[in-house]
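So the structure is just underneath, and the comments pick up after that.
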Amino acid sequence: DIARYSKLISPKDTGHNEHREARLIERCPPGHEGKRLVDEPAIILDASGAIIAWYLPDALTDTTQKEIKEATNLLAPSLEKSVRADGNWQTNQRLFNQGSEDVGATPGCINLSPAWFQQGHENVSDPEVSASLKGPSCENILKAIARPAAIASAALRVMHPEQYWAGLRTLSNLGNIAVSKDLPQMPEALQYWASVFNTLS
């Protein structure tokens, strides 16, 4: 029962305390003995029948994965600038693995949003386009992530329809506010924003 299990755990449960993990398994035993190999699309249910995981192998084709890599490469300058020696827990360079240059994405932590609330700034009441989208490459970035973002949105439409429709309503309202208040860059960013989520990190 995932609801019961979630009440028993806390952010302090890292999975490394063997005694604690044994107590959790005792109180919330798995629904079957041993491990099962799943090599086809499946959903995993808890004891009450609630879906707790969707397994969709090959949902992201090689072409889509290539698009994601190319979009990430467009973000490389922003990702690189985000990592600092004195950064917080999200941007401290000690927390990023510096691998070889030809493997993987540029390390970093940025937020993409057509309507970002500027925390830590006084007298800012309206959301703004996030800093990572304020540059001249905004349109190219949003076009590059459009198909992967649409795929994630389509998955949400199936997996959590209420959240999907709430997201669409939010983006529609943001569009109306952006036009009525003449908020800089936001109508343009929303025009190319293909995700039902209003922020991608």
Side-chain angles (χ1 to χ4, degrees), residues 6 10-15 52-54 56 59-60 64-99 103-121 124-160 162-175 177-178 183-201:
S6 66
S10 78
K12 294 179 182 177
D13 288 313
T14 61
I52 58 173
W54 295 71
L56 304 169
L60 298 178
T64 303
Q65 290 178 48
K66 183 180 176 190
E67 288 175 4
I68 292 169
K69 186 172 181 357
E70 288 169 358
T72 305
N73 291 340
L74 283 174
L75 298 170
S78 295
L79 287 166
E80 195 170 0
K81 282 194 289 188
S82 73
V83 179
R84 299 186 302 274
D86 62 344
N88 62 23
W89 65 272
Q90 295 172 309
T91 59
N92 192 301
Q93 68 183 14
R94 291 182 299 113
L95 303 176
F96 290 92
N97 182 16
Q98 301 293 333
V103 178
T106 302
C109 179
I110 60 173
N111 299 297
L112 304 176
S113 177
W116 185 255
F117 283 97
Q118 306 297 322
Q119 295 179 347
H121 295 263
V124 177
S125 58
D126 292 318
E128 298 179 19
V129 173
S130 63
S132 301
L133 291 178
K134 284 185 177 177
S137 58
C138 171
E139 184 178 328
N140 290 338
I141 291 169
L142 293 180
K143 285 180 176 178
I145 66 173
R147 204 166 77 87
I151 290 170
S153 296
L156 184 69
R157 171 67 180 90
V158 174
M159 297 173 187
H160 201 313
E162 294 87 2
Q163 186 177 0
Y164 172 84
W165 291 113
L168 282 186
R169 284 191 300 274
T170 299
L171 291 171
S172 176
N173 289 338
L174 283 171
I177 291 168
L183 299 178
Q185 295 180 295
M186 195 179 296
E188 295 81 4
L190 284 166
Q191 178 183 354
Y192 295 107
W193 190 258
S195 175
V196 74
F197 298 103
N198 68 335
T199 302
L200 302 175
S201 295

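Positions are given from 1 along the sequence.
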### Task
Please indicate whether Gln65 has more than 12 foreign heavy atoms, meaning atoms of other residues, nucleotides or ligands, lying under 6.0 Å from its CD.
yes

### Task
Could you give me the CA-CA distance, side-chain angles and deciding distance for Thr106 and Val83, then say whether side chain to side chain contact (heavy atoms under 4.5 Å, CB included) is met?
CA-CA 10 Å; Thr106 302; Val83 179; over 6 Å; no

### Task
Return the set of residues passing side chain to side chain contact (heavy atoms under 4.5 Å, CB included) with Glu70 (not counting sequence neighbours), or none when no residue passes.
Lys66

### Query
Say you draw a straight line from CZ of Arg157 to CD of Glu162; how long is it, rounded to the nearest 0.5 Å?
9.5 Å

### Non-neighbouring partners of Tyr164 that pass side-chain hydrogen bond (donor to acceptor under 3.5 Å, both in side chains), sequence neighbours left out
none

### Query
Roughly how far, to the nearest 0.5 Å, is the CG atom of Leu133 from the CD1 atom of Ile141?
6.0 Å

### Summary
Residues passing the side-chain hydrogen bond (donor to acceptor under 3.5 Å, both in side chains) test with Thr91, sequence neighbours excluded, are Asn88

### From CD1 (Ile145) to CD1 (Ile68), nearest 0.5 Å
10.5 Å

#### Entry: Contacts of type side-chain hydrogen bond (donor to acceptor under 3.5 Å, both in side chains), residue Lys134, not counting sequence neighbours
Glu128

### Summary
Rounded to the nearest 0.5 angstrom, the CG-CD distance for Asp86 and Gln93 is 9.0 Å

### Query
Mind checking what makes side-chain hydrogen bond (donor to acceptor under 3.5 Å, both in side chains) contact with Asn140, not counting sequence neighbours?
none

### Cys138 side, atom SG; Lys143 side, atom NZ - distance, nearest 0.5 Å
10.5 Å

### Message
For Val129 versus Pro114, what's the shortest heavy-atom pair and its separation?
### Response
CG2-O, 3.6 Å

Residues 146-153 side chain polar contacts: donor-acceptor under 3.5 Å, at least two apart:
| residue | atom | partner | partner atom | Å |
| --- | --- | --- | --- | --- |
| Arg147 | NE | Glu67 | OE1 | 3.1 |
| Arg147 | NE | Glu67 | OE2 | 3.2 |
| Arg147 | NH2 | Thr64 | OG1 | 2.6 |
| Ser153 | OG | Ala149 | O | 3.0 |
| Ser153 | OG | Val196 | N | 2.8 |

#### Entry: Evaluation steps, side chain to side chain contact (heavy atoms under 4.5 Å, CB included), between Asn198 and Leu171
CA-CA 7 Å; Asn198 68 335; Leu171 291 171; 4.2 Å; yes

### Task
Can you sort out the partners of Arg169 under salt bridge (Lys or Arg N to Asp or Glu O under 4.0 Å), two or more places apart, ordered by chain and number?
none

### Task
Mind checking the OG-CD1 spacing from Ser172 to Ile177? Nearest 0.5 Å is all I need.
9.5 Å

### Message
For Ala115 versus Pro127, what's the shortest heavy-atom pair and its separation?
### Response
C-CB, 3.7 Å

### Query
Does Ile52 have any side chain to side chain contact (heavy atoms under 4.5 Å, CB included) partners at least two apart in sequence or in another chain, and if so, which?
Ile2, Ile44, Asp46

### Task
Check whether any side-chain N or O of Asn173 sits under 3.5 Å from a backbone N or O of Thr170 as a donor-acceptor pair, and report yes or no.
no

### Summary
Here the pair of heavy atoms bringing Met186 nearest to Ala178 is SD-CB, 3.7 Å

### Thr199: partners by side chain to side chain contact (heavy atoms under 4.5 Å, CB included), with sequence neighbours left out
Asn111, Ser113, Trp116, Ser201

### Query
side-chain hydrogen bond (donor to acceptor under 3.5 Å, both in side chains): which pairs involve residues 185-196, sequence neighbours left out?
Glu139-Tyr192

### Task
Could you pull out the closest heavy-atom pair between Ala144 and Leu74, with the gap in Å?
CB-CD1, 3.7 Å

### Task
Taking all heavy atoms of Ser78 and all of Ile110, pick out the closest pair and write down the distance.
O-CG2, 3.6 Å

### Message
Taking CZ in Arg84 as the centre, count heavy atoms belonging to other residues, nucleotides or ligands within less than 6.0 Å. Is the count above 12?
### Response
yes

